[in-house]
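Lettering of chains follows the sequences in order, A, B, ..., and the numbering in each one begins at 1. Please read these numbers as outputs of a predicted model, since none were measured by experiment.
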Amino acid sequence: MKYDFKEIEPKWQKYWDEHESFKAETGSSKPKFYALVEFPYPSGAGMHVGHIKAYSGLEVVSRKRRLEGYNVLFPIGFDAYGLPTENTAIKTGVHPRVVTDRNIHKFTSQLRKVGFSFDWSRVVDTTDEGYYKWTQWIFLKMFENGLVFRDRTLVNYCPSCKVVLSNEDSQGGKCDVCHSDIIQKEKEVWYLHITQYADKLLQGLEKVDFLPNIKLQQENWIGKSTGAFVEFTIKENGEKLKIYTTRPDTLYGVTFMVMAPEHPLIEKYRGSIKNIDELDAYKDECAKKSEFERTQLVKDKTGVKIDGFTAINPVNDTEIPIYVSDYVMMGYGTGAIMAVPAHDTRDYEFATKFGIPIIEVIKGGDISKEAYTGDGEMVNSGELNGITNKKDAIAKVLTVLEKKGVGEAGVQYKMKDWAFNRQRYWGEPIPIVHCPKCGMVPVPYEELPLRLPPVENFQPGSDGESPLAKIDSFVNCKCPKCGGDAKRETDTMPQWAGSSWYFLRYCDPNNDTALASQEALKYWLPVDWYNGGMEHVTRHLIYSRFWHRFLYDIGAVPVDEPYAKRTAQGLILGPDGVKMSKSRGNVVDPNDVVDEYGADVLRVYVLFMGDYEQAAPWSESSLKGCKRFLERIWALQDIMTDDEGYSKELSASMHRTIKKVSADIEQLKFNTAIAAMMTLLNQISDKGSITKGEMKSLLTMLNPFAPHITEEMYNTLFGGILSEQSWVTYDEALCVEETIEIVVQINGKVRAKMNIAADADQDTMIAAALENETVKPLLDGKTIVKKIAVPKKLVNIVVK
RNA sequence: GCGGGUGUGGCGGAAUUGGCAGACGCGUCGGAUUUAGGUUCCGAUGGGCUUCCCGUGCAGGUUCAAGUCCUGUCACCCGCACCA
């Protein structure tokens, strides 16, 4: 009988569906397990094999947990707002709602064909009214709590998509959606005050079980630095110029200061700056610089001295010049720095180029050659002289600054506030009304959801205005507070809004009176295990931790950190070893694989192809190897005996394999788990028969990986449903054979192998080795210097 | 520049954490079945001057024993980046 996956796979998918085999039950007395995978963006291209790999990991864990008696929540949904759908709509004239529904339908059928054990009754769609009502609700709560503000600043702007992007969405100076170069543009936009949560996000990392590199990337992204704020007085106008530094200990070495070209004090005193024209020209030049020029040509410092500003160093009253240079950013610290060329590489380059004096205040380097950034004895530094350690010097100078009232300790973060808006149609409308009398007024909670109005033209305005701005019936409204004429906000929320809380909705997806009931949240939270891509570590994962933490602070959720554990899968590369992309033409469509080889083969292959957490290239021939494996499993039916337990020969192997597979699944080591089952299969084949007991255990172990074939075999051979049985157990004591092969080495080189009782002690092992027929002659005429025995492993005889 | 990671056969990758390097799979070679191809099955497969020697990017070191530990060094990949 041949293994016909085309008949078997749909049969069991239908069975699981009709019997709701994987339905999670809120409140069940069984222990709960919440496994979360990143829900897909339903693009027109359909599923990618990367999705299959990303979901297969926790799919295996979830199926194992159910067999272990857990009440498992393993949900799926769709993150469906976003630009690609809207761009398709613009191109084809089909409404984004229709495009989205079509894509979701396609994804759903593809996911079902792979046989994932999702709880299909909890599917979430971020563009659904019942869902985005609560996205807007959370936004209003944030507004109420002062975490939402508008600001006119330089923003990241994508000229191609015509939208403002957050810092997280323009990493590397490229637009996250279309990869165009982003430009800096001055614009008034919405912000979420995520920096207010920087410390909490940092502290939260301490108690969660995230992969170390994930924690590290988040820490670096948040980028906390401790230092000091110091005020320098500008002699000409008495204004205080505030700077941030991590090295207040080098304050005596300041020989100039630098302000960012956009620093407001320049604007304020433009009348009294003699070379203001030159500064304006420089500012324009900087704004035009491309990302390449800003990052690649860093060594070449440019700048202009401000003619009309002189700063006074607060510790020694020295007069120092002030420059403008684009190596100082308006977006970090205070937009101005004290420059200590002797002990900072960038300041050194600038000083050298502009002929500014360099004063050494820390001994240890050669400042005629380069900046010295190490530790050492303080010199030329007044009361700091003689101090040899940075920490002490900083502590001392801080007390001096505080006494004079010109400085204090402070912290800074690299992370910036979250630019929270898109000037596009396909997103959640921001529920705010602009009233000429009352200002920004939130839409009342009872009026949520604030629905997206129907539009005919989705094309964004050329000046970066949302298509919603053209809909008079949407824009013109009454102020909820005073009832007067007012205008609605026309920006929509960015793509990351809906995904920032979807895992909460899964707990209670149809709730109409709250984002989820407290009962459901208390039962399911936190997510026990979250797996996803590394590319989301500094975006979605930070954003959702922020939203969740906020919801915790207002009492809407019962736990402070949403994810107890986070892992990440590696990419699947194209057969050519390069990242899959349409333009390269090396994309593998999972649908084709399912049609030709079946879902089980695909599932086993994506987990067997390599280390789950590493990238690995797709290989059609390796895929065939997995097909052979399953066909050989299928063929075991022909050699099954009537014996119930384990056969004597295979007993230890059975126990060992169960132990290994059980442990490997928990560590995402699916490749070695499958390899262990292949080894077992080889042993069974060599032996020529399999007992009923062995068959049951093997099918159970394999079930999470290849559920269809194992379900079918179990059902045919034993009756009953395998996914309703229990996970297999092993006995540690039975994992080892009675006699095992050990190695005899002479001077560290393997010279013989021998069988010995597994529990032989060291003396017995050595005695046996010395009597070994291969070993004996090799020892003739030699003096034995040392004898080492490692139980169950080897004997090493050192001779001279 | 800073931070993290990886270097093992022709390929993807194993190695119980110091104890037989190369599990498992792919590929390749040989054989059987087949008119042939494919499939399936059996055997071999790190390299060499093959009683023995050499092999985990490279050079040293520690140890009875090193892919694993230490020192130095090279290459590649990822993330951040004039962060004061």
Are K786(A) and C64(B) close enough that a side-chain N or O sits under 4.0 Å from OP1 or OP2?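 True: K786(A) side-chain N/O within range (under 4.0 Å) of C64(B) OP1/OP2.
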
So what does [X] hit on the nucleic acid, given a heavy-atom distance under 4.0 Å: a base, only sugar-phosphate, or nothing?
X: V798(A); value: sugar-phosphate
X: D344(A); value: nothing
X: N682(A); value: sugar-phosphate
X: R751(A); value: sugar-phosphate
X: K660(A); value: nothing
X: K416(A); value: nothing
X: V340(A); value: nothing
X: Q614(A); value: nothing

Distance between [atom1] atoms of [N] and [M] (Å, rounded):
N: G55(B); M: G47(B); atom1: C1'; result: 7 Å
N: C11(B); M: A65(B); atom1: P; result: 31 Å
N: C53(B); M: G4(B); atom1: P; result: 42 Å
N: C77(B); M: U8(B); atom1: P; result: 15 Å
N: A36(B); M: C49(B); atom1: P; result: 37 Å
N: U62(B); M: U68(B); atom1: C1'; result: 14 Å

State plainly whether the residues E596(A) and K627(A) are in salt-bridge range, i.e. N to O under 4.0 Å.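 Not counted as a salt bridge, because no side-chain N and carboxylate O are separated by less than 4.0 Å.
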
Look at E38(A) together with R566(A) and state whether they make a salt bridge at an N to O cut-off of under 4.0 Å.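 Yes, this pair counts.
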
Watson-Crick/G-U partner (both atom distances under 3.5 Å) of G10(B):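 Because both required distances fall under 3.5 Å, G10(B) counts as paired with C26(B).
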
Which glycosidic conformation, syn or anti, is assigned to U17(B) if syn requires a torsion within 90° of zero?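 Base orientation: syn.
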
Syn or anti for G9(B), please, going by whether the chi angle lies within 90° of 0.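 Judged by the O4'-C1' to base torsion, G9(B) sits in syn, the angle falling within 90° of 0.
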
Could K215(A) and F210(A) be counted as a cation-pi pair, given that NZ or CZ must be under 6.0 Å from the ring centre and within 45° of the axis?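 Not satisfied by the 6.0 Å and 45° rule.
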
Starting at the 5' end of RNA chain B, which residue's closest nucleotide do you reach first, A615(A) or T334(A)?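 Residue closer to the 5' terminus by nearest nucleotide: A615(A).
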
Using a cut-off of 6.0 Å, state whether more than 12 heavy atoms not belonging to E773(A) lie near its atom CD.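 At most 12 heavy atoms, drawn from other residues, nucleotides or ligands, come within 6.0 Å of this atom.
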
